[in-house]
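Structure record follows, encoded as structure tokens.
Chain letters run A, B, ... following the sequence lines, proteins first, then strands; residues in each count from 1. These numbers come from the heavy atoms of this one structure, side chains and all, not from hydrogens, waters or symmetry mates.
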Amino acid sequence: AMDTDLSSQDRKDLDKFIKFFALKTVQVIVQARLGEKICTRSSSSPTGSDWFNLAIKDIPEVTHEAKKALAGQLPAVGRSMCVEISLKTSEGDSMELEIWCLEMNEKCDKEIKVSYTVYNRLSLLLKSLLAITRVTPAYRLSRKQGHEYVILYRIYFGEVQLSGLGEGFQTVRVGTVGTPVGTITLSCAYRINLAFMSTRQFERTPPIMGIIIDHFVDRPYPSSSPMHPCNYRAGEDNGAVYPSVEDSQEVCTTSFSTSPPSQCVFTVTKAHFQTSPPVVTDTLKVPVTGLAFSHQLSSSRLSYQPAALGVGSADMGYPVLFAGGLNAAHPHQLIGPGKEGGVPPIPSQPAHGTQADQDRMCTPLDGVHYSAATPSSSEDTETVSNSSEGKCGSPHDLLETIFIRKVGAFVNKPINQVTMANLDIPFAMFAPKNVELEDNDPMVNPPDSPETESPLQGSLHSEGSSGSSAGNTHDDFVMIDFKPAFSKDDILPMDLGTFYREFQNPPQLSSLSIDIGAQSMAEDLDSLPEKLAVHEKNVREFDAFVETLQ
Amino acid sequence: PHRPTPTMNCRAEVLEVSVEGRQVEEAMLAVLHTVLLHRSTGKFHYKKEGTYSIGTVGTQDVDCDFIDFAYVRVSSEELDRALRKAVGEFKDALRNSGSDGMGQISLEFYQKKKSRWPFSDECIPWELWTIKVNVVNLANEQERQICREKVGEKLCEKIINIVEVMNRHEYLPKMPTQSEVDNVFDTSLKDVQPYLYKISYQITDSLGSSVTTTMRRLIKDTLAL
């Protein structure tokens, strides 16, 4: 019937909502993988530029990439927008970690109010996305990126491709919103081989020299877009120029009405800004239909012989800042055991190489300034102070580095079968330890007291060399040598390492041993009859007391 | 005169966590903030003819110190303070109870319904979140390290559960007119506007019943003699 069809205004509004929802979705996902804590301010007065009433910054390059991928289209049945998150090590091997999918199915909700209910539910869905992006395994990985690996993103539009996630990947649904033209669903499929990856320090292996990885990616879809690092900054010779923030922007000025639904008011106005708002929002200039670039992934030969750098063979249609993870001038020497201190001598952006010298100040692009907060230092940055509400610095530097995407040699190999001892594999450092048995899990079986041995004797720390403490059956890591930092062998007859190993599991206190416990229990039981006799004698007194309570 | 609070149509969700004592606060805050993230809007600004505009909600990441976990909360110091106060009281009550370290904290969303004199306003709950907490004691540093990770993983599951519930798009109070807004939303904060909520908690004694009910039963039984 005609009156259930969407009015043209509603249709326009709905398309706009879906489009901006897609753009905001990409922003949330990529920003959640930058490796930094995100902080935006609440504002009681609507600024008119915050879609879905949420303060989500727009990183221009990310919006640009998203629009490029969408090419003027909207998610529809069979045409999904996917954000692929992957990890790339400093040796150049990469692995897909997650695919975030924004899909549309055919189930329509004709009754729902576009300008009100759909809008609010999309806002709720974005909040859910903010929450969920912090709980998949890649979040913790991304917080620790920088030295051994970086996190990259890639946006594509079309059919969802999950094959790169390895076997047994899991999915989590973020949510759905029904609309008159279909149901929007947002979900994430993520690799679980790394799900239990410890975030503790790994033993660093010496660099794998002499291995040539000669793989090229034969993707089924030739128009795949290049990878981008989540943590990136602007470069001087970056040929690509991004649309500048114009004065006239289409913003979402929403007015809601509490009157009956038929009188729902929703306005979208073009507002003219005198000055660029500090939060960059997008112009509505949708790129010309059709992909701006047609590119094909070509074979790239990455070798560990410093002289050869496979970039030359790449055939890219646009300026390549850097490709691959190698640069003759920056050998990727990983810290080997025995080195003191904790900081690897790798230059701070190994995989970004380029004119590298660690110039982390961002070049102002398009008149927009991002505060030049230095991204995570080499140390574990979980001590980043809880920013108060006022400090909401933009954590991103803005270098765009364009990578040639390459699938690592062992991407689909079940990592469980790989042991640390086999140093030939690229992802040795990520090899998960065996999932500990439930028997050893204090959360499942809280330790009884007393006990002669700590139930967690066989700890997951890879401790001890050949003569390690008992019960290390769960260790996949075999420590070759344990040279604790700053310890000296010659001063003490026992070095710090040995001391640590020996006193790792001290013997239980004798007072807590079973014998003594049983003894006191027996004593208690023996004294019971005596105690009962005493109580019986005084039963009259007890009764009197109870009487007084009445 | 007192009318009992109607509890029909109140959605109830229960989450359970086992944590170490020092993890209680962060774990509770993570769950409560995640729920409130979904149940807070920007400030409403009413205009003529019953239309209103909505302010902007900012968000920020919070890292936990005692748990390998991070979560997102609404950027509102007032709201954070209110939650921290409630969670702090809960933690202290747990510690001082002398029980086995079991208790629960509840976050209830309600609407106010004005009643005529002599009846007082009713509070009608429409969503109730209960977090049951079991405090474990660990023997050594290794166990604590594992606990950090395990609790982190458990909290990830809880967040996913919460988001699932939120996605059901079940009953939400109707958007109120200006005169009714204080019956639906807490308009006292300056930067965000959560639905009206209250937080309460109970400590469970070792018999598994809450301390308050045990006391009540004791007194009743005594008086019945």
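- Among B:Val72, B:Leu172, B:Ile159, B:Thr59, the residue with the largest count of heavy-atom pairs under 4.5 Å with chain A is B:Thr59.
- Counting heavy-atom pairs closer than 4.5 Å to chain A, the top-ranked of the candidates B:Lys43, B:His45, B:Arg39 is B:His45.
- The two residues B:Tyr46 and B:Pro176 come nearest to each other via the heavy atoms OH-O, 2.7 Å.
- A heavy-atom distance below 4.5 Å is not found between the side chains of B:Val87 and B:Ile199.
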Discussion item. Using salt bridge (Lys or Arg N to Asp or Glu O under 4.0 Å), reason through B:Lys85 and B:Glu89 one step at a time and then give a plain yes or no.
Written reply: CA-CA 6 Å; B:Lys85 181 161 176 285; B:Glu89 285 174 18; 3.6 Å; yes

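- Neither the backbone nor the side chain of B:Phe44 comes within contact range of chain A; no heavy atom of the residue lies under 4.5 Å from a heavy atom of that chain.
- In this pair, B:Phe185 and B:Tyr195 present their aromatic rings parallel. The plane angle is below 30°, not in the 30 to 60° band.
- Contact count versus chain B (heavy atoms, under 4.5 Å) is highest, among A:Ser43, A:Ala32, A:Ser123, A:Gly175, for A:Ser43.
- With a 4.5 angstrom heavy-atom cutoff, B:Val57 touches chain A via backbone and side-chain atoms both.
- Top candidate by heavy-atom pairs under 4.5 Å with chain B, chosen from A:Glu547, A:Arg173, A:Lys127, is A:Lys127.
- Contact tally against chain B (heavy-atom pairs below 4.5 Å) for A:Val174, A:Val177, A:Leu125, A:Thr176: the top residue is A:Thr176.
- More than 12 heavy atoms of other residues, nucleotides or ligands lie within 6.0 Å of NZ in B:Lys158, so this atom counts as buried by the packing criterion.
- Judged purely by distance below 3.5 Å, without hydrogens or angles, the side chains of A:Thr136 and A:Arg33 pair a donor atom with an acceptor atom.
- The residue among B:Leu189, B:Ile160, B:Asp80 with the most heavy atom pairs within less than 4.5 Å of chain A is B:Ile160.
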